[in-house]
Amino acid sequence: MQRAETLAATSVAVALTVLGLKTVAWWMTGSVALFADALESVVNVAAAGAALVAIRYASMPADANHPYGHHKAEYFSAVLEGALILVAAFIILNEAWSSWVNPRTPELPLAAVAVAVLATAINAGWSWVLFRRGRALQSPALVADARHLLADVVTSTGAIAGLTLAMATGLLWLDPLLAAVTAVNILFSGVRLMRESVGGLMDEAMPPRP
């Protein structure tokens, strides 16, 4: 549990770092897709914090009120993460629609692209670490956090691609369109995460690990 808690605490630090980078990238471009990307990172910070609290609570020993321990607290964190993903997706869809109706001309300095790519690379690398260690430690909260970050990587990739295509072709609607597409993608990710987490709370049999 100590290793899981250390990983969860590191996730909070990584999420804060990535949020800072994505906020800078959005400020430099004014892109709705990068705004959506930064918003998703706000959710990442909250989700990472929830995972840390859940893991700490799950590590508490069994007591009179919880004779089987507190390990299922991690599933509650995973359900919360799924709900946060859904909220972020709907907010992104709303922003994408506003930008579709009232197109804006974003800017695309090379430095902003570099910052956005760096933030995405950090999330991708940390997601891979959390998947490996979360499965090894059998931690639902860490695996849920890894899936959340993976959804964020997809969002970020779509945002960068949308902004680049919009600026290269002059088709400003590509920016909000790809923001909407990535929002739909993370909607499915959030639904799947919540379904699996509720299954854990209901003692649904887990598939064998590879």
Inset, instruction - Taking ring-ring contact (aromatic ring centres under 6.0 Å, His included) as the test, write out the residues that go with W26, two or more places apart. - result: F35
Inset, instruction - Would you check, one step at a time, whether the test side-chain contact (heavy atoms from CB on, under 4.5 Å) holds for I122 with L21? - result: CA-CA 10 Å; I122 291 173; L21 290 172; 3.9 Å; yes
Legend entry - Least distance between heavy atoms, S127 atom then A146 atom: OG-O, 3.0 Å
Legend entry - W126 side chain reached by T10 side chain, heavy atoms, under 4.5 Å: yes
Legend entry - Pairwise side-chain contact, L7 with L137, heavy-atom cut-off 4.5 Å (strictly under): yes
Legend entry - Heavy-atom side-chain proximity of L34 to W27 below 4.5 angstrom: no
Legend entry - Cluster overlap L118 with V129, hydrophobic side-chain contacts below 4.5 Å: yes
Inset, instruction - Taking all heavy atoms of A112 and all of M28, pick out the closest pair and write down the distance. - result: N-CE, 3.6 Å
Inset, instruction - Quick one: list whatever passes side chain to side chain contact (heavy atoms under 4.5 Å, CB included) with V117, sequence neighbours left out. - result: V113, I160
Legend entry - Which atom of S41 lies closest to which atom of V18, heavy atoms considered: OG-CG1, 3.8 Å
Legend entry - Side-chain heavy-atom pair V143, R135 within 4.5 angstrom cut-off: yes
Legend entry - CG on D37 to CG on N123, rounded to 0.5 Å: 8.5 Å
Inset, instruction - Please answer: with hydrophobic residues joined when any side-chain heavy atoms are less than 4.5 Å apart, are L149 and V153 in the same cluster? - result: no
Inset, instruction - Determine the minimum heavy-atom distance between A119 and K22, stating which atoms define it. - result: CB-CG, 3.8 Å
Inset, instruction - Please determine if D152 and R147 form a salt bridge, counting it only when a charged side-chain N lies under 4.0 Å from a carboxylate O. - result: no
Legend entry - Partner residues of T120 under the side chain to side chain donor-acceptor pair (under 3.5 Å) criterion, sequence neighbours left out: none
Inset, instruction - Look at the side-chain heavy atoms of Ile, Leu, Val, Met, Phe, Trp and Tyr, link any pair under 4.5 Å apart, and say whether L171 and W100 land in one connected group. - result: yes
Inset, instruction - Mark yes or no for whether T23, through its side chain, and L19, through its backbone, hold a donor-acceptor pair below 3.5 Å. - result: yes
Legend entry - From CZ (F131) to CG (L142), nearest 0.5 Å: 11.0 Å
